[in-house]
Amino acid sequence: MGLRAGLAVFARRRDELLRVAHTRDVRHALGDLARWCRAKGVPCEESSDAELDRLAESSHHEGLWMVARPRRWLSTRELADALLRHGSAGTTGAVALDRVRNPYNVGAIVRSAAFFAVDAVLLGAPAPHPGLPPIAVRVAEGGAEHLQLARTTDLADTLARLRARGVRIVGADGKAKTASAGFGFGRPAVLVLGSEREGLGERVRAQCDAVVAVRGGGAVESLNVAVAAGVLVAEMMVR
């Protein structure tokens, strides 16, 4: 789970918590959480590192493990409604991931999206439905709790539906002719990032109103997708 990620769940949707376990080392950071659990009858137990390793199926839990009810995923219609509803404020945007598989990259992108006040993240991957892996939640450092989430097994179709509602779709490709610096993303907008190896799929690219690239000095060909996402999200939202 991760300490910050777990505390964010407690801060944002505590009524959905079902069970908590933690090590002695983080007990001092969990005072409010432990008291709330006692008051609500939610199991909250101090456990060994080995027991948390077993529960989390990983040693990278940072001393806190939780079980909560599953997050609710937005439908395409709800995502479009949310973007259009907030679009008049001039800050509305979402990030869509086209087959980005590495959970560390997904988590870093979610963290950047939350930092720059993006409204939602749309996960696109082949069936079964893509989810947000626990590793990504931990790497996001609580960012996942500040975003609305949507998912699709046909990203191109979902983007087409968003475009039909008036949402602008902007893809990212390191070889695109248009530079991202100074680019007018428009509002509401969805920034689409392609997979680590293949980039944007052809059908997804066909739904983009524009495709932009982060310009570099030329010493290396491209940025890691999570690093590129941080640059692009900043350029989209901080204007």
Side-chain angles (χ1 to χ4, degrees), residues 1-74 95 97 99-151 153 193 195-196 224-227 229-230 233:
M1 167 61 76
L3 184 59
R4 290 186 181 179
L7 291 175
V9 172
F10 175 61
R12 304 283 293 188
R13 50 189 184 102
R14 63 188 63 183
D15 290 337
E16 298 180 17
L17 284 175
L18 301 174
R19 184 184 173 190
V20 178
H22 62 87
T23 62
R24 177 179 294 271
D25 290 344
V26 302
R27 183 173 55 182
H28 67 282
L30 305 179
D32 290 343
L33 170 60
R35 284 188 290 272
W36 181 88
C37 286
R38 286 195 297 270
K40 298 295 183 178
V42 175
C44 181
E45 58 205 50
E46 186 174 298
S47 303
S48 66
D49 283 317
E51 177 63 9
L52 253 67
D53 291 352
R54 185 187 69 81
L55 291 170
E57 300 180 350
S58 168
S59 61
H60 301 295
H61 45 66
E62 299 175 3
L64 180 62
W65 174 82
M66 289 179 170
V67 176
R69 293 187 181 90
R71 287 283 301 271
R72 181 178 177 277
W73 297 85
L74 296 181
V95 174
L97 304 184
R99 299 163 295 124
V100 177
R101 299 178 178 90
N102 186 312
Y104 292 93
N105 283 336
V106 173
I109 292 168
V110 168
R111 182 176 182 176
S112 294
F115 181 84
F116 288 109
V118 165
D119 292 278
V121 169
L122 169 61
L123 303 179
H129 270 300
L132 198 60
I135 293 174
V137 174
R138 176 177 62 81
V139 172
E141 294 282 345
E145 297 301 322
H146 295 272
L147 296 164
Q148 298 186 83
L149 299 176
R151 59 185 175 181
T153 56
L193 298 152
S195 69
E196 294 90 340
N224 166 275
V225 64
V227 175
V233 170

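Counting begins at 1 with the first residue of the sequence. Here the structure is a predicted model, which is why all the values come from computation and not from measurement. The figures that follow rest on heavy atoms only: side chains count, while hydrogens, waters and symmetry mates do not.
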Exercise. Do Leu123 and Leu149 touch side chain to side chain, with heavy atoms closer than 4.5 Å?
Worked result: no
Problem set entry | Atom pair CG (Leu97) and CG (Leu132), whose distance is rounded to the nearest 0.5 Å | 9.5 Å
For this session: Work out which heavy atom in Arg19 is nearest to a heavy atom in Val42; give both atom names and the distance.
Result: N-CG1, 3.9 Å
Exercise. Between Glu16 and Pro70, what is the shortest heavy-atom contact and its length?
Worked result: OE1-O, 4.3 Å
Seminar exercise, completed: Val233 meets the side-chain contact (heavy atoms from CB on, under 4.5 Å) criterion, sequence neighbours left out, with Val95, Phe116, Val118, Leu191, Met237
Problem set entry | side-chain contact (heavy atoms from CB on, under 4.5 Å) partners of Glu51, counting only residues at least two apart | Ser47, Ser48, Arg54, Leu55
Exercise. What is the distance from atom CG of Leu52 to atom CD of Glu46, rounded to the nearest 0.5 Å?
Worked result: 10.5 Å
Exercise. What residues, two or more places apart in sequence or in another chain, satisfy side-chain contact (heavy atoms from CB on, under 4.5 Å) together with Pro133?
Worked result: Pro103, Ala136
Problem set entry | side-chain contact (heavy atoms from CB on, under 4.5 Å) assessment of Val139 paired with Arg111 | CA-CA 8 Å; Val139 172; Arg111 182 176 182 176; over 6 Å; no
Problem set entry | Qualifying residues under side-chain contact (heavy atoms from CB on, under 4.5 Å), relative to Leu7, sequence neighbours excluded | Leu3, Leu30
For this session: With Glu196 as reference, evaluate Asn105, Asn102, Asn224 under the side-chain hydrogen bond (donor to acceptor under 3.5 Å, both in side chains) test and give the passing residue.
Result: Asn105
Exercise. Where do Ala34 and Cys44 come nearest, in terms of heavy atoms and distance?
Worked result: CA-SG, 4.3 Å
Problem set entry | Residues which pass side-chain hydrogen bond (donor to acceptor under 3.5 Å, both in side chains) with Asp32, listed by chain and number, not counting sequence neighbours | Arg35
Exercise. Can you list the residues that meet the salt bridge (Lys or Arg N to Asp or Glu O under 4.0 Å) rule with Arg151, with sequence neighbours excluded?
Worked result: none
Exercise. Which pair of heavy atoms, one from Ala140 and one from Val110, lies closest together, and at what distance?
Worked result: CB-CG1, 3.7 Å
Exercise. Just how far is it from atom CG of Asp15 to atom CZ of Phe10, taken to the nearest 0.5 Å?
Worked result: 9.5 Å
Seminar exercise, completed: Note: Leu193 and Ala229 closest approach over all heavy atoms is CD1-CB, 3.5 Å
Problem set entry | Set of side-chain hydrogen bond (donor to acceptor under 3.5 Å, both in side chains) partners for Asp49, sequence neighbours left out | none
Seminar exercise, completed: Scanning both residues in full, the closest heavy-atom pair of Val26 with Gly63 reads CG2-O, 3.2 Å
Problem set entry | side-chain contact (heavy atoms from CB on, under 4.5 Å) evaluation trace for Met66 with Leu17 | CA-CA 7 Å; Met66 289 179 170; Leu17 284 175; 3.6 Å; yes
Problem set entry | Pairwise distance CD(Glu62) to OG1(Thr23) - rounded to 0.5 angstrom | 10.5 Å
Exercise. Nearest 0.5 Å, what's the CH2-CD distance between Trp65 and Glu45?
Worked result: 7.5 Å
Problem set entry | Sequence-distant partners of His61, side-chain hydrogen bond (donor to acceptor under 3.5 Å, both in side chains), two or more places apart | Asp53
Exercise. Can you name the side-chain hydrogen bond (donor to acceptor under 3.5 Å, both in side chains) partners of Ser195, sequence neighbours left out?
Worked result: Glu198
Problem set entry | Pairwise salt bridge (charged side-chain N to carboxylate O under 4.0 Å, His left out) hits with a residue in residues 131-146, at least two apart | Arg4-Glu141, Arg13-Glu145, Arg71-Glu145
Problem set entry | Set of residues satisfying salt bridge (Lys or Arg N to Asp or Glu O under 4.0 Å) with respect to Arg72, sequence neighbours excluded | Glu78
For this session: Indicate yes or no: at least one non-hydrogen side-chain atom of Val20 is less than 4.5 angstrom from one of Leu64.
Result: yes
